[in-house]
Amino acid sequence: MLLSPAGVDALRTALTRARFTANGIADRLGSQATGGVARNDFRAALRATEDRDPLATLIRVFICDQTEPEAAVAAALAPLTVEEAVAGGIVERYADGLRAGVDLEPYGDEWWVLADVPASARPGKPLHSEHVLGIGGATQTLIGAAVRRPVETALDLGTGSGVQALHLSTHARRVTATDVSERALRFAATTAALNGQNWELLRGDMVAPVAGRRFDLVVSNPPFVVGPGTTTHVYRDSGRVGDAIGAELAAAAPHLLTEGGTMQYLANWVHVAGEEWDERVAGWFAGTGLDAWVIQREVADPMAYVNLWLTDVGEAADPQRMAAWLDWFDAHKVEAVGFGIVSVRRSGNDQPVLRVEDLRQRVEPPLGDRIAEWFDRQDWLRSRDTDGLLAARYRAADGLQLRQEATMGDEGWAVDRQVLAMPHGLRWTEEIDPLVLALVGGADGRLPLRDQLALLAAAHDVTPDELAEAAGPIVAHLVERGIVEPVAG
């Protein structure tokens with residue numbers, strides 16, 4: 001840990017006593033200053049904390065990144081002494097006072113997360129090669145996407161500051177976390193101790209420390225950045241060439257999961273000229289026997305991608321590094337880089353389901369609930385053959401909308417396109433034909449699908465058997481998307 005056990009207890013006492021929590025800070029600053037802090041505009045927050053009481057001092061040091069007088073910092077951190085805080089790196093001496101040595105972030109109203117001070121707060125200061133990230137965009141993406149159902153055992157691969165493990169601790173009885181960086185594990189251990197948690201922390205590269213073990217839930221925000229395999233910062237660079245880390249985790253998943261277990265991780269994948277990106281990613285799961293749902297949330301062109309990650313570690317002024325990275329993309333015909341979420345499950349079924357698709361629309365949070373529901377729907381569909389689908393009753397999703405595009409002609413409006421749109425959940429849109437529209441429109445939960453199709457067959461002058469054969473895959477797709485829902489009973 002960064003501090004001794006007694007030092008962690010003292011720091012927790014100081015933070016709790018001062019109400020250095022998300023709610024405590026918001027109450028102290030007010031909505032305007034709190035909103036400014038979220039935009040890195042600290043002016044109102046600094047005006048609201050001029051009196052330097054303990055909470056004000058902690059806000060100025062750890063939120064606004066100010067250098068404060070040693071006496072004020074000592075009073076705010078007591079009973080943790082300044083000497084202990086400096087030795088543990090919690091604060092550091094700077095100019096004529098003390099400033100933050102770590103990113104000590106109140107998280108929710110019960111947690112604190114410790115990480116390295118971000119590059120944006122120390123312009124010109126090179127990041128440590130084992131820099132430990134705080135709660136960034138990718139971290140929040142995985143937090144929101146993780147399935148939060150109760151489990152016995154959970155694993156956080158590449159834990160960093162420990163924030164994913166914190167969330168796992170709310171619904172897993174036992175939490176294990178790994179990282180290749182000894183420094184990251186010290187941060188994670190401190191985060192765990194500060195929040196009263198007792199995780200198993202293991203050092204090693206990705207799955208190596210847990211070889212031969214299985215878990216009910218595995219999450220990972222790995223070093224997924226795509227490139228030539230050069231390693232300068234372990235939070236970003238895996239040492240694997242291209243997008244191999246994503247494929248490696250896919251191959252490892254069957255050996256990590258208990259029966260019914262789920263693994264979720266963030267990944268980048270390359271879009272190569274002349275190849276379909278979804279087919280490339282689907283190849284990761286060939287032979288794994290896992291249900292897999294890969295959703296692409298973002299796509300970046302190579303220049304924007306390289307700029308993003310060089311800026312992230314303060315390397316924007318290194319034209320040689322940029323040129324080498326872009327040359328690698330050119331040599332491998334990489335046209336773009338996708339980013340998304342991989343969710344796999346060990347269902348034990350000999351016909352696993354694999355879907356790789358774009359999901360770039362805004363979805364109703366938390367995404368993890370939507371992912372869990374998707375796997376539930378796969379279970380429902382897999383347990384029914386065509387006769388089972390026909391025997392079930394369905395109803396349209398709540399709030400389902402019909403959008404039409406029409407052209408005015410000599411005989412009035414002619415409908416060119418009809419789209420079903422879900423205003424909730426995953427907010428899918430589906431272009432449909434009149435028959436599917438009639439099918440969904442009649443899905444009120446009263447008639448079995450077979451009877452509903454008989455009525456439609458008579459109206460469209462086709463045989464019920466012909467319509468049933470065509471409708472089976474359509475209904476399965478609509479159920480998978482959540483556009484129609486099976487009615488229980």
Side-chain angles (χ1 to χ4, degrees), residues 1-4 6-22 24-30 32-107 112-135 161 183 186-187 190-191 194 311 313-314 316-317:
M1 290 189 292
L2 302 178
L3 298 168
S4 67
V8 171
D9 290 342
L11 178 58
R12 186 190 311 110
T13 297
L15 300 178
T16 303
R17 181 183 295 162
R19 281 202 73 213
F20 187 65
T21 63
I25 293 168
D27 291 345
R28 176 58 181 270
L29 296 182
Q32 180 183 358
T34 301
V37 166
R39 301 187 301 273
N40 290 323
D41 179 357
F42 304 125
R43 293 173 297 170
L46 291 174
R47 288 193 295 269
T49 55
E50 290 177 346
D51 57 1
R52 272 40 170 219
D53 62 59
L55 177 56
T57 298
L58 292 172
I59 291 172
R60 295 174 76 89
V61 171
F62 293 108
I63 303 298
C64 301
D65 197 34
Q66 301 297 297
T67 300
E68 295 297 310
E70 182 168 332
V73 176
L77 291 177
L80 183 68
T81 67
V82 167
E83 290 74 17
E84 288 175 307
V86 171
I90 306 301
V91 294
E92 61 185 24
R93 300 192 184 280
Y94 183 74
D96 56 353
L98 295 168
R99 68 177 184 179
V102 296
D103 179 13
L104 174 55
E105 183 169 353
Y107 187 48
W112 299 276
V113 174
L114 281 86
D116 274 316
V117 175
S120 58
R122 300 284 191 269
K125 181 179 180 180
L127 291 187
H128 194 287
S129 62
E130 294 187 25
H131 179 84
V132 178
L133 287 180
I135 304 170
S161 65
R183 190 164 184 272
R186 289 201 301 273
F187 273 90
T190 309
T191 292
L194 191 58
T311 301
V313 296

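Since we're looking at a predicted model, the values are computed, not measured. FYI, the numbering just counts along the sequence from 1.
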Would you check if the side chain of R60 reaches a backbone N or O of L46 as a donor-acceptor pair within less than 3.5 Å? yes
Is a donor on one side and an acceptor on the other found under 3.5 Å between the side chain of T191 and the backbone of S161? yes
If we only count heavy atoms from C-beta on, is the I25 to I63 side-chain gap below 4.5 Å? yes
Does T67 have any side-chain hydrogen bond (donor to acceptor under 3.5 Å, both in side chains) partners at least two apart in sequence or in another chain, and if so, which? none
Given L77, which of L58, L98, V82 fulfils the side chain to side chain contact (heavy atoms under 4.5 Å, CB included) condition? L58
My understanding is that only one of V61, L114, V117, V113 makes a side chain to side chain contact (heavy atoms under 4.5 Å, CB included) with L104; could you say which? L114
Main-chain N/O of R52 paired to T57 side chain as donor or acceptor, under 3.5 Å: yes
Got a sec: does the CD of Q32 have more than 12 other heavy atoms crowding it under 6.0 Å? no
Is a side-chain donor or acceptor of W112 paired with a backbone partner of R12 at a separation under 3.5 angstrom? no
Derivation and outcome, side chain to side chain contact (heavy atoms under 4.5 Å, CB included), residues F187 and D116: CA-CA 9 Å; F187 273 90; D116 274 316; 3.5 Å; yes
By side-chain hydrogen bond (donor to acceptor under 3.5 Å, both in side chains), Q66 pairs with (sequence neighbours left out) none
Are any non-hydrogen side-chain atoms of E130 and R186 less than 4.5 angstrom apart? no
Under a 4.0 Å N-O cut-off, is there an ion pair linking R28 with D51? yes
